Amino acid sequence: MFPAISDWLDANLDRVIAWRREIHAAPELSMAEFATTAKVVEVLTAAGLSPVVLPKGTGVVCDFGPTDRPRIGLRADLDALPVTEQTGLPFASQVEGVSHACGHDAHTAILMGVGCLLADLEDLPFGVRLLFQAAEEIMPGGALDAIDAGVMDGLARIFALHCDPHLPVGTVGLRAGALTSAADRIEVHLRGPGGHTSRPHLTGDLVYAMGALITGLPGVLARRVDPRSGTVMGWGAAHSGDAPNAIPQEGRLRGTVRTGDQSVWDEMEPLVRSIVGELVAPLGVSYDLNYVRGVPPVVNDEDSVAMLRRAVGAIDPATEVDTPQSAGGEDFAWYLQHAPGAMARLGVWSGTGPRGDLHQPDFNLDERAIAIGIATLAGTVLQGELEPEPPLL
């Protein structure tokens, strides 16, 4: 580990953990991260920096370091989820029905720590832009608002971490190329005349039509796209009717479509619309399809991954591990449409008990990961630019 980082952590890690616990106990949903934003501003201002709140009142951007060298961005997300926490932690969420079940409290605390650490140093090899982003958890993501506010202007690269409860604490997962998948949301609202379940031939059987979509859309979609694209469609909600002997007049289905291939994502909406129409056409019901285009895949730039690799290797050669592409979505992908960069996976599993998963009520993280996260992002700045690998002759 770089001596400047290890010295700073020895003196300040407890303070960063306290910030994480304070944020964890007071989670805020997407676009309502006002107290969290204020905390970030307070900490960075006390470190002698000049944070600026983004135009919608949540989220922070903060530039510092040399202006005559490339500037790189470091991003964290602020928002919590509408999930009731079940961890039993002494600093558990005090907000009913809301919790940091995805680790954004740790992301925020880590980046505040990185800002304070780097602010103490002179002659940084890069200019630095800290970006604390609102609303990562809602499609198409708060990254678009941040980009509209100019946060990518003048950036040479951008980096981020995301907690991963499948990786043990002390490790960082790196992967060049696609790391996450594109993720879209669909909602189908079906309507029919209704009727008696004894005479479905005299009406449009709306529940049967829903069943045709529930099983048919994922199945047909899987046969209309290349299976190597990692495309998966799943339903999360189905609602219709109440009486067992009455065919209802309305029903709703909600689900997501995900793919790891940018070209497949570009064609996904018209393909889904075509399949839904074909499946419903013979069944005597009408429908509306609301297709919400979400986020593209996160595709990590090779040279940016090489910079992360050097920073992670400075912690310990055993820190780096491989990580597979995920079917999850992440709006960090929008930044990569404007500049090269990379996201790493931060191991947070304690090594005992079940590994669990993100977005679950009992999600927890081993706070030893906070030091690893700070060392990774700060080290990416301090190790300097890597020259691209020369081509093989």
Side-chain angles (χ1 to χ4, degrees), residues 1-20 39-51 60-76 106-132 155-163 169-174 303-320 341-348 366-387:
M1 189 179 294
F2 291 94
I5 297 175
S6 58
D7 291 347
W8 191 91
L9 288 172
D10 287 342
N12 294 281
L13 182 57
D14 288 346
R15 189 160 57 111
V16 181
I17 291 172
W19 296 337
R20 181 254 164 169
K39 181 65 180 180
V40 171
V41 170
E42 172 195 329
V43 168
L44 297 184
T45 301
L49 300 175
S50 300
V60 177
V61 64
C62 182
D63 284 2
F64 61 97
T67 58
D68 60 345
R69 300 173 191 174
R71 184 174 300 279
I72 65 173
L74 305 174
R75 175 268 206 172
H107 302 168
T108 300
I110 286 167
L111 193 56
M112 287 195 291
V114 171
C116 293
L117 188 164
L118 296 177
D120 284 346
L121 304 179
E122 296 181 358
D123 194 30
L124 295 174
F126 293 111
V128 176
R129 177 169 297 158
L130 307 177
L131 171 58
F132 297 84
L155 282 192
R157 298 183 187 276
I158 187 166
F159 297 90
L161 296 172
H162 200 295
C163 291
V169 67
T171 64
V172 176
L174 299 180
D303 293 330
S304 300
V305 172
M307 293 176 67
L308 284 169
R309 179 169 290 117
R310 184 169 174 182
V312 170
I315 300 170
D316 187 302
T319 300
E320 181 189 344
M343 171 175 278
R345 302 228 180 256
L346 179 64
V348 299
D366 189 319
E367 291 179 326
R368 291 176 294 174
I370 290 174
I372 303 297
I374 292 172
T376 298
L377 291 182
T380 301
V381 174
L382 295 181
Q383 53 86 39
E385 184 74 70
L386 284 181
E387 294 296 327

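Quantities reported herein were computed from a predicted structural model and do not represent experimental measurements.
Under the side-chain contact (heavy atoms from CB on, under 4.5 Å) test applied with L377, the options V128, L111, L382 reduce to a single match, L111. Of the candidates I17, L13, V16, E367 forms a side-chain contact (heavy atoms from CB on, under 4.5 Å) with just one, namely I17. Screening V312, I5, L174 for a side-chain contact (heavy atoms from CB on, under 4.5 Å) with T376, the sole residue that qualifies is V312.
Taking CD1 from I110 and SG from C163, the interatomic distance works out to 6.0 Å, rounded to the nearest 0.5 Å. Summarising the geometry, atom CG belonging to L155 is positioned 4.5 Å from atom CZ belonging to R129; distances are rounded to the nearest 0.5 Å. In this structure, CD1 on I372 lies 9.0 Å from CG on L9, to the nearest 0.5 angstrom. Here CG of L161 is found 8.0 Å from CE of M343. Values are rounded to the nearest 0.5 Å. Remark: L74 CG to H107 NE2 distance equals 13.5 Å, nearest 0.5 Å. Put simply, CZ on F126 and CZ on R157 are 7.5 Å apart, with the number rounded to the nearest 0.5 Å.
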Could you list the donor-acceptor pairs under 3.5 angstrom formed between side-chain atoms of residues 42-50 and any protein atom two or more places apart in sequence or on another chain?
{"from": "T45", "atom 1": "OG1", "to": "V41", "atom 2": "O", "distance (Å)": "2.7"}

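Taking each heavy atom of P70 and A156 in turn, the nearest pair found is CB-CB, 4.0 Å. The two residues A109 and W19 make their nearest non-hydrogen contact at O-CE3, 4.2 Å. Nearest approach of F132 to T108, heavy atoms of both residues: CE2-O, 3.6 Å. Here the shortest heavy-atom pairing between A4 and L121 reads CB-CD2, 4.1 Å.
One N or O on the side chain of R71 and one on the backbone of F64 form a donor-acceptor pair closer than 3.5 Å.
Shown here are the side chain to side chain contact (heavy atoms under 4.5 Å, CB included) partners of A369, two or more places apart in sequence or in another chain: V169, L346, V348.
Sorted by first and then second residue, the salt bridge (Lys or Arg N to Asp or Glu O under 4.0 Å) pairs with a member in residues 110-127 read R69-D123; sequence neighbours excluded.
Side chains of W8 and I374 form a contact here, defined as non-hydrogen atoms less than 4.5 Å apart.
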